[in-house]
Structures are given as C-alpha cells and as structure tokens.
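Note that ligands are numbered from 1 as they come in the structure, with each ligand's atoms numbered from 1 the same way.
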Amino acid sequence: MTATEGKHVMELQGTRALVTGAGHGIGRGIALGLAAAGADVVVHYGKSADAAARTVAEIEELGRKAIAVGADVTSTAEVNRLLDETIGFLGGLDVLVCNAGHLIGRVKVEEMTDEHFQQVVDVNLGATFRTTRAAIPHLAQSANPRIVTMSSLAAHNGGGPGSVVYAAAKAGVRGFTKGLAKELGPRGITVNSVAPGYIAETAFHQTFSTTEAQANMVAGTPIGRAGQVEDVANAVRFLALPSSGYLTGITIDIDGGTWPR
Ligand SMILES: NC(=O)c1ccc[n+]([C@@H]2O[C@H](COP(=O)([O-])OP(=O)(O)OC[C@H]3O[C@@H](n4cnc5c(N)ncnc54)[C@H](O)[C@@H]3O)[C@@H](O)[C@H]2O)c1
C-alpha cells in the first residue's frame with residue numbers, strides 16, 4: 001500500500017455509520033467500503049440475519065466494530081428501535097445510508113392493487129422518510145453529519161417493464177433528498193443521493209431481470225459493462241467524507257453514462 005492509499009483508507013477513522021439493507025448486495029458493498037475507510041458500522045437487515053452476520057464478520061476482519069440489527073423499514077416502531085440500538089452500540093451517528101429498497105415485483109399499473117402500490121412506495125420512499133426522521137436528532141450532534149439516500153436510474157428513465165411505481169418512488173427519493181438538503185443545511189447535515197443504473201450480481205436483478213434483459217442493459221451502457229457494487233460504494237464513501245461537507249442536495253448517477261443520452 002502506498003502512503004497515499006494509506007491516507008485514503010483512514011479518512012473515515014472514528015466515523016459511526018448505519019447502512020440499511022446491508023446484509024447483501026449494494027448495501028453490503030457500501031458497509032464494507034465505509035469500514036475499509038475506517039468507519040464502525042451498524043449493519044441493518046430485513047430478513048437475512050445470516051447474510052448480515054457475514055457482513056459483520058467481514059467488517060470485523062477489517063479491524064472495525066460492527067453489529068447486525070434487524071428491522072422492517074416499513075414500520076416506524078421498528079425503525080425507531082433500529083436507531084435506538086444503533087446509538088446504543090456506536091454512541092452516536094455520523095453517517096446514515098438509506099439503502100434498503102425493493103421493486104417487490106414487475107406489475108403493470110392497470111393490474112396493480114392499491115396494496116401493492118402502497119408497499120412499493122413505502123419500502124422505498126416511506127422507509128427513507130422514517131429512517132432519516134429517526135436519525136436526524138442524532139446526526140445533529142455529529143461534527144460531520146451525512147445522509148445518503150438510494151435513488152435509481154429508474155427515477156430518470158421510468159425503469160424497466162412493470163416498474164412504473166418503483167420508478168416513481170425512486171424519483172420521490174430524489175425530490176426528498178433535495179428538499180431535506182435545504183431543510184437540514186442550516187444544521188450542517190448534508191443530504192445526497194446515489195442513482196445506480198444496472199448493478200450486476202445483486203438479488204435485485206437475479207430476481208427481476210432475465211438474462212436477455214441484463215445483456216440489453218449492458219449493451220445500452222456507454223462505458224460498456226455492468227455496474228459493480230463497488231462503483232456505488234465508492235460514491236457513497238466519497239459523499240460520507242468530512243471533506244465533502246459543501247456537497248448537498250445532489251444525486252450522483254452511477255450508470256456508466258446511461259443517462260442522459
Ligand atoms: N441492483 C441494481 O441494479 C439497483 C439499481 C438502482 C437502485 N438499486 C437500489 O439499491 C438498493 C439495494 O438493492 P440491491 O440491488 O442491493 O438489492 P437487494 O435486494 O440485494 O437489497 C435490498 C435490501 O433492502 C432490504 N429490504 C427490502 N425491504 C425491506 C424491509 N421491508 N425492511 C428492511 N429491509 C428491507 C433487504 O433486506 C436488502 O438488504 C435498493 O434500494 C434498490 O432499489 C439497485
């Protein structure tokens with residue numbers, strides 16, 4: 001490791017982070033990226049306790065503190081408990097990453113029930129709202145408070161087949177991010193978003209996209225490859241840095257140049 005790399009690695013030393021949906025996929029990558037830069041991390045998970053335990057073990061191998069906490073992000077009571085347990089473990093909070101989210105299923109609007117609509121909005125936009133709401137009082141006590149939300153390329157281009165409401169919820173996350181940045185700016189809390197395009201090797205696309213659809217997404221990506229979890233993790237780590245304190249209200253598109261074009 002070079003001296004420059006060493007400095008980079010320690011840039012989040014002492015930082016206390018909570019990453020939602022961090023048992024696997026993009027959230028796991030974000031949690032590991034923050035830990036590699038020196039942060040201690042609460043690894044939130046929905047249902048996959050085993051996966052979260054593995055992420056915790058990987059973080060501990062990096063020499064950082066970590067704990068897994070399960071909570072349904074569509075429940076205010078569970079999200080509030082998640083924040084209580086986070087503060088209990090870390091003693092405070094500097095970085096909140098609202099990564100948890102879900103397509104739930106590819107359904108055309110004319111066939112979608114009210115209940116399905118509510119679930120999609122709630123697990124993406126609602127979860128972002130209630131998690132940030134619970135975290136703000138704690139972040140307000142941090143020297144370098146950061147919120148990073150998870151939007152999507154779908155927010156720009158309407159998403160793939162059967163993901164209209166998901167696209168709308170992710171567009172909502174983008175608007176929420178901009179508005180909250182204005183609301184919290186005077187308190188020094190930055191609020192930014194990342195909008196990944198096609199990130200391969202996630203349960204998301206293994207569940208919801210055919211092999212042909214995945215090949216088409218790569219073909220439509222100017223940079224000529226699928227995105228990797230690390231591409232998203234690197235952007236989130238950058239937004240979390242103490243030196244990123246003048247960046248707020250922005251969304252970083254991590255899509256290999258797919259949008260706009
Ligand atoms: N994979 C992609 O190409 C892609 C592109 C753009 C945006 N995203 C977004 O990135 C985020 C991570 O997705 P991923 O691709 O890693 O997929 P994933 O399915 O592996 O991760 C989703 C995470 O959200 C959590 N989650 C879902 N519903 C929950 C609930 N009710 N309570 C608690 N946790 C819940 C899951 O436990 C899981 O850890 C999501 O918000 C997704 O919408 C993914």
Side-chain angles (χ1 to χ4, degrees), residues 18-33 42-56 68-83 97-106 118-131 148-160 163 165-174 176-177 193-209 213-214 216-218 220-221 225-233 235-236 251-256 258-259:
L18 165 60
V19 183
T20 65
H24 46 84
I26 293 172
R28 168 182 167 273
I30 291 170
L32 291 175
V42 169
V43 175
H44 160 266
Y45 65 93
K47 291 180 180 160
S48 335
D50 291 350
R54 284 194 292 276
T55 305
V56 165
V69 180
D72 181 352
V73 291
T74 66
S75 158
T76 293
E78 293 202 23
V79 167
N80 290 346
R81 175 182 53 75
L82 167 65
L83 265 294
V97 184
C98 296
N99 164 75
H102 207 22
L103 179 62
I104 298 186
R106 292 196 184 277
Q118 289 295 346
Q119 286 174 345
V120 176
V121 172
D122 209 28
V123 79
N124 290 287
L125 180 57
T128 303
F129 155 67
R130 66 178 66 82
T131 311
V148 183
T149 64
M150 183 59 67
S151 184
S152 170
L153 171 64
H156 303 310
N157 72 2
S163 54
V165 177
Y166 172 80
K170 290 300 192 184
V173 168
R174 183 173 183 163
F176 179 86
T177 301
S193 195
V194 289
Y198 167 47
I199 306 301
E201 296 173 357
T202 56
F204 189 97
H205 283 295
Q206 283 159 18
T207 308
F208 295 118
S209 302
Q214 295 188 44
N216 286 339
M217 285 187 277
V218 173
T221 302
R225 66 166 175 85
Q228 303 298 321
V229 162
E230 289 72 21
D231 295 318
V232 183
V236 172
T251 295
I252 300 181
D253 297 331
I254 308 163
D255 60 13
T258 307
W259 185 266

### Query
Between Trp259 and His156, what is the ring plane arrangement, given parallel below 30°, perpendicular above 60°, and tilted in between?
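Aromatic pair Trp259/His156 classed parallel.
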Please report the shortest heavy-atom distance between [X] and [Y], naming the atom on each side.
| X | Y | answer |
| --- | --- | --- |
| Leu83 | Leu18 | CD2-CD2, 4.0 Å |
| Val56 | Ala68 | CG2-N, 3.5 Å |
| Arg81 | Val69 | NH1-CG1, 4.0 Å |
| His205 | Gln214 | O-NE2, 3.4 Å |

### Message
Taking 4.0 Å as the limit for heavy-atom contacts, which would you say applies to Thr202 with ligand 1: side chain only, backbone only, both, or neither?
### Response
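The answer is the side chain of Thr202.
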Identify the closest protein heavy atom to [atom]: which residue and atom is it, and at what distance?
| atom | value |
| --- | --- |
| atom 9 (C) of ligand 1 | Met150 CG, 3.5 Å |
| atom 28 (N) of ligand 1 | Val123 CG2, 3.3 Å |
| atom 22 (C) of ligand 1 | Gly101 O, 3.4 Å |
| atom 41 (O) of ligand 1 | Asn99 O, 2.7 Å |
| atom 16 (O) of ligand 1 | Ile26 N, 2.8 Å |
| atom 6 (C) of ligand 1 | Pro196 O, 3.3 Å |
| atom 21 (O) of ligand 1 | His24 CE1, 4.1 Å |
| atom 25 (C) of ligand 1 | Ala100 CB, 3.8 Å |

### Query
Counting only heavy atoms on the protein side, is anything nearer than 4.0 Å to atom 36 (C) of ligand 1?
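There is no protein heavy atom less than 4.0 Å from atom 36 (C) of ligand 1.
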### Task
Taking the six-membered ring for Trp and the single ring otherwise, decide whether the centroids of Phe208 and His102 are under 6.0 Å apart.
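Ring-ring flag for Phe208/His102: true, centres closer than 6.0 Å.
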### Task
Any chance you could lay out the side chain to side chain donor-acceptor pair (under 3.5 Å) test for His44 and Asn99, step after step, and finish with the verdict?
CA-CA 10 Å; His44 160 266; Asn99 164 75; over 6 Å; no
Using modelled atom types and a 3.5 Å cut-off, is there a donor and acceptor pairing between side-chain atoms of [X] and backbone atoms of [Y]?
| X | Y | answer |
| --- | --- | --- |
| Asp122 | Gly126 | no |
| Lys170 | Asn124 | no |
| Ser75 | Ala71 | no |

### Query
Which of these, Gly197, Ala169, Gly227, has its nearest heavy atom closest to atom 5 (C) of ligand 1?
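Among Gly197, Ala169, Gly227, the closest heavy atom to atom 5 (C) of ligand 1 comes from Gly197.
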### Query
Nearest heavy atom to atom 33 (C) of ligand 1: which of Ser151, Gly23, Ala71 does it belong to?
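Considering heavy atoms of Ser151, Gly23, Ala71, the nearest to atom 33 (C) of ligand 1 sits in Ala71.
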Is it the case that ligand 1 has an N or O less than 3.5 angstrom from some N or O of [X]?
| X | answer |
| --- | --- |
| Thr74 | no |
| Tyr198 | no |
| Gly25 | no |
| Gly21 | yes |

### Query
Does at least one non-hydrogen atom of Lys170 fall below 4.0 angstrom from an atom of ligand 1?
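Yes, Lys170 has heavy atoms under 4.0 Å from ligand 1.
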### Task
Examine ligand 1 and decide if any of its atoms is less than 4.0 Å from a heavy atom belonging to Glu78.
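Glu78 does not count as a contact of ligand 1 under the 4.0 Å cut-off.
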### Task
Assess the side chains of Ser151 and Thr251: does a donor N or O sit below 3.5 Å from an acceptor N or O?
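There is no such pair between these side chains.
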### Query
Taking only heavy atoms of His44, which atoms of ligand 1 are found under 4.0 Å from at least one of them?
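Every atom of ligand 1 under 4.0 Å from some heavy atom of His44: 33 (C), 34 (N).
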### Task
Provide the number and element of each atom of ligand 1 under 4.0 Å from a heavy atom of Tyr166.
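Reading through ligand 1 atom by atom, the close ones are 7 (C), 8 (N), 9 (C), 42 (C), 43 (O).
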### Residue Gln119 excluded, over 12 heavy atoms near CD under 6.0 Å
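Counting other residues, nucleotides and ligands, CD of Gln119 exceeds 12 neighbours.
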